Engineer: 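Structure below; questions to follow.
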Amino acid sequence: MQKKAAELERMAEVLVTGEQLRLRLHEAKVIKDRRHHLRTYPNCFVAKEIIDWLIEHKEASDRDTAIKIMQKLLDQSILHHVCDEHKEFKDMKLFYRFRKDDGTFPLDSKAKVFMRGQRIYEKLMNTENTLLQTREEEGVTFERTLVALEFIDWLLQEGEMPTREEAEQLGRRLLEHGIIQHVSNKHHFVDGGLLYQFRMNFRRRRRLIELLNERCRSIPENHDSPFCLRKQGSEGGNTSFLSVSPTKEIKVVSAVRRSSMSSSCGSSGYYSSSPTLSSSPPVLCNPKSVLKRQVSPEELQAPGGPYIKKTFTIVGDAVGWGFVVRGSKPCYIQAVDPGGPAAAVGMKVQ
């Protein structure tokens with residue numbers, strides 16, 4: 001059973017990582033229609049150029065590593081040579097294309113469930129609804145929960161499934177493939193009042209190097225972090241994600257201890273296009289809080305106080321800005337995604 005779960009998890013990581021790369025390449029205009037010998041090949045990229053792009057964006061340290069990453073995606077049928085003449089990814093001026101862009105993705109039953117689960121996940125996150133809420137079951141509080149019968153109602157309303165029976169079957173497949181789970185893992189998916197959560201966070205930023213190194217395949221997540229969709233503490237509140245357009249900039253003014261200004265602002269080199277960032281190693285943990293105690297608005301604004309204003313310019317990526325703001329008067333940074341743009345420019349939790 002554990003072997004099957006590990007296999008499903010690896011498949012999911014490859015599919016999601018490949019899809020994230022495809023969206024990034026489309027956003028960067030690396031994927032486009034190209035001509036060769038009077039023939040147009042739509043939605044393709046040049047192998048040699050993609051190797052340069054991976055190294056430039058710190059996804060690979062050298063060309064050999066970049067080739068191995070792309071070969072992994074080719075072996076898993078995420079992409080292919082436009083004429084299917086090359087089974088190896090070559091560092092040459094050859095055209096390759098993501099199978100999702102030409103409809104040739106060989107979806108087996110497992111892959112179909114993951115693709116379906118990802119689409120439903122994004123649909124829930126990108127639309128205003130009250131499905132994901134903090135709720136209690138058996139005296140324990142869980143965040144971002146779905147009530148099974150409400151989820152089925154939503155699937156029918158959105159046209160995802162034609163009947164309640166088929167919608168319930170879809171829920172069972174999502175659970176069996178590790179995409180959702182009962183909040184305490186006691187029940188299968190049934191059309192009723194039980195609570196379920198998304199076990200898989202499709203929006204976690206995956207580094208491409210994770211495809212090659214199983215030990216470093218995922219960045220450890222703090223289970224108390226809003227970026228981890230598992231069991232949370234009993235504290236309530238709205239902790240939904242905010243979806244933004246790629247490359248959108250946001251300026252954040254934050255109170256920082258004067259003594260902390262001497263520390264340098266590093267860069268993860270991932271999902272960031274800002275030329276002012278350095279190329280230091282990726283942040284692998286949620287940065288420690290700058291504030292040692294609760295601070296009032298008066299203390300933050302007092303002239304000559306221990307805190308000064310610092311402005312961060314964050315370039316949003318395909319997922320968002322990578323931080324969560326909570327509270328009011330004053331508000332504070334509750335969490336910083338370790339692999340996101342906010343952490344890359346030096347933002348810390350408060």
Side-chain angles (χ1 to χ4, degrees), residues 1-20 22-23 73 75-78 98-100 103-127 129-133 135 137 142-204 206 210-211 217-218 221 227-232 240-241 319:
M1 192 69 180
Q2 292 181 347
K3 184 177 180 181
K4 179 182 178 182
E7 179 186 346
L8 292 173
E9 185 178 356
R10 284 194 295 271
M11 175 186 292
E13 288 294 313
V14 174
L15 290 172
V16 176
T17 303
E19 177 63 9
Q20 289 180 348
R22 186 183 74 88
L23 294 175
L73 295 177
D75 292 340
Q76 298 296 320
S77 296
I78 305 297
F98 282 85
R99 290 188 178 276
K100 194 169 181 180
T104 62
F105 193 86
L107 288 172
D108 59 18
S109 59
K110 296 178 182 178
K112 283 181 179 179
V113 175
F114 284 115
M115 301 296 281
R116 189 72 172 276
Q118 182 177 19
R119 191 177 82 236
I120 291 173
Y121 178 93
E122 290 296 337
K123 206 169 183 179
L124 280 169
M125 290 296 183
N126 291 331
T127 57
N129 58 69
T130 58
L131 291 180
L132 294 171
Q133 292 186 18
R135 298 181 176 91
E137 185 170 290
F142 300 90
E143 292 190 359
R144 299 178 200 86
T145 62
L146 291 162
V147 180
L149 61 86
E150 293 180 0
F151 181 46
I152 290 178
D153 290 340
W154 181 83
L155 290 173
L156 296 174
Q157 179 183 341
E158 294 294 320
E160 290 289 339
M161 299 302 291
T163 66
R164 294 195 73 85
E165 290 74 15
E166 292 176 277
E168 184 177 13
Q169 291 174 8
L170 173 60
R172 297 180 72 84
R173 290 197 299 273
L174 294 176
L175 187 144
E176 290 166 358
H177 286 73
I179 297 172
I180 65 173
Q181 66 180 10
H182 178 253
V183 290
S184 55
N185 288 318
K186 294 181 178 179
H187 303 279
H188 210 306
F189 187 86
V190 291
D191 185 359
L194 294 175
L195 301 183
Y196 297 85
Q197 292 172 309
F198 274 92
R199 181 174 179 271
M200 183 175 296
N201 185 352
F202 288 98
R203 289 189 173 185
R204 183 184 70 77
R206 281 120 172 120
E210 296 173 16
L211 295 175
R217 191 163 47 83
S218 61
E221 292 182 351
F227 298 98
C228 182
L229 301 187
R230 295 180 176 86
K231 178 180 176 181
Q232 302 293 319
S240 60
F241 285 89
V319 180

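This chain uses plain numbering: 1 for the first residue, then up along the sequence. Computed from a prediction, not measured in an experiment: that's the story for all the values here.
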Engineer: Is the distance between the ring centroids of Tyr196 and Phe189 under 6.0 Å?
Structural biologist: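 Under 6.0 Å, so yes.
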Engineer: Enter the distance from Leu175:CG to Asn185:CG here, rounded to the nearest 0.5 Å.
Structural biologist: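 The CG atom of Leu175 sits 8.0 Å away from the CG atom of Asn185.
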Engineer: For a quick check under 3.5 Å, do His182 and Gln197 share a side-chain donor-acceptor pair by atom type?
Structural biologist: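 Gln197 and His182 do not have a side-chain donor-acceptor pair below 3.5 Å.
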Engineer: To the nearest 0.5 Å, how far apart are CD in Gln133 and CG in Leu131?
Structural biologist: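 One finds 8.0 Å between CD of Gln133 and CG of Leu131.
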Engineer: Would Glu150 and Arg135 count as a salt bridge (charged side-chain N to carboxylate O under 4.0 Å, His left out) if you check the C-alpha gap in whole Å, the side-chain angles of each, and the deciding distance to 0.1 Å?
Structural biologist: CA-CA 13 Å; Glu150 293 180 0; Arg135 298 181 176 91; 3.5 Å; yes
Engineer: Take Arg144 and Phe198 through the side-chain contact (heavy atoms from CB on, under 4.5 Å) test and state the conclusion after the steps.
Structural biologist: CA-CA 8 Å; Arg144 299 178 200 86; Phe198 274 92; over 6 Å; no
Engineer: Would you mind reporting whether Thr145 and Leu132 have side-chain heavy atoms less than 4.5 Å apart?
Structural biologist: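 No, every pair of side-chain atoms sits at 4.5 Å or beyond.
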Engineer: So how far is it from Gln181 CD to Leu174 CG, rounded to the nearest 0.5 Å?
Structural biologist: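 Nearest 0.5 Å value for the CD-CG distance: 12.5 Å.
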Engineer: Do Val190 and Arg172 touch side chain to side chain, with heavy atoms closer than 4.5 Å?
Structural biologist: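 Counting from C-beta outward, Val190 and Arg172 do come under 4.5 Å.
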Engineer: Let me confirm one number: the CG-NE2 distance from Leu194 to His187, rounded to the nearest 0.5 Å.
Structural biologist: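 If I round to the nearest 0.5 Å, the distance is 5.0 Å.
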Engineer: Just jot down the side-chain contact (heavy atoms from CB on, under 4.5 Å) partners of Asp75, sequence neighbours excluded, or say none.
Structural biologist: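 Result, side-chain contact (heavy atoms from CB on, under 4.5 Å) vs Asp75: Gln71.
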Engineer: So, do Val113 and Glu176 sit near enough that their side-chain heavy atoms are less than 4.5 Å apart?
Structural biologist: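 They are not in contact (no side-chain heavy atoms under 4.5 Å apart), so the answer is no.
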Engineer: Roughly how far, to the nearest 0.5 Å, is the CG atom of Leu124 from the CG atom of Leu146?
Structural biologist: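 If we round to the nearest 0.5 Å, Leu146:CG and Leu124:CG are 6.0 Å apart.
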Engineer: Apply salt bridge (Lys or Arg N to Asp or Glu O under 4.0 Å) to Arg22 and list each qualifying residue two or more places apart in sequence or on a separate chain.
Structural biologist: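 Glu19, Asp101.
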Engineer: Taking all non-hydrogen atoms of both residues, which atom of Ala167 and which atom of Ile152 are closest, and how far apart?
Structural biologist: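 Minimum heavy-atom contact is CB-CG2, 3.8 Å.
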Engineer: Strictly by modelled atom types, are Gln20 and Thr17 linked by a side-chain donor-acceptor pair under 3.5 Å?
Structural biologist: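 Absent: no donor and acceptor within the cut-off.
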Engineer: Measuring only between side-chain heavy atoms, which start at C-beta, is Met161 closer than 4.5 Å to Glu168?
Structural biologist: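 Met161 does not reach Glu168 side chain to side chain.
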Engineer: Considering only heavy atoms from C-beta outward, does the side chain of Ile180 approach that of Arg199 to under 4.5 Å?
Structural biologist: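 A side-chain contact under 4.5 Å is absent here.
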Engineer: With a 4.5 Å limit on heavy-atom distance, are the side chains of Arg164 and Leu149 in contact?
Structural biologist: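 They are in contact (side-chain heavy atoms under 4.5 Å apart), so the answer is yes.
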Engineer: Tell me, with the steps shown, if Ile78 and Arg99 meet side-chain contact (heavy atoms from CB on, under 4.5 Å).
Structural biologist: CA-CA 6 Å; Ile78 305 297; Arg99 290 188 178 276; over 6 Å; no
Engineer: Flag the pair Phe151 / Asp191 as yes when at least one side-chain heavy-atom distance between them is below 4.5 Å, and no otherwise.
Structural biologist: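 Heavy-atom side-chain distance check fails, nothing below 4.5 Å.
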Engineer: Quick one: list whatever passes side-chain contact (heavy atoms from CB on, under 4.5 Å) with Arg119, sequence neighbours left out.
Structural biologist: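 Partners of Arg119 under the side-chain contact (heavy atoms from CB on, under 4.5 Å) test: Arg116, Glu160.
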Engineer: Any side-chain heavy atom of Trp154 sitting closer than 4.5 Å to one from Lys123?
Structural biologist: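 Yes - at least one pair of side-chain heavy atoms lies under 4.5 Å apart.
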Engineer: Determine the minimum heavy-atom distance between Gly192 and Ala148, stating which atoms define it.
Structural biologist: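 So the minimum-distance heavy-atom pair works out to O-CB, 3.5 Å.
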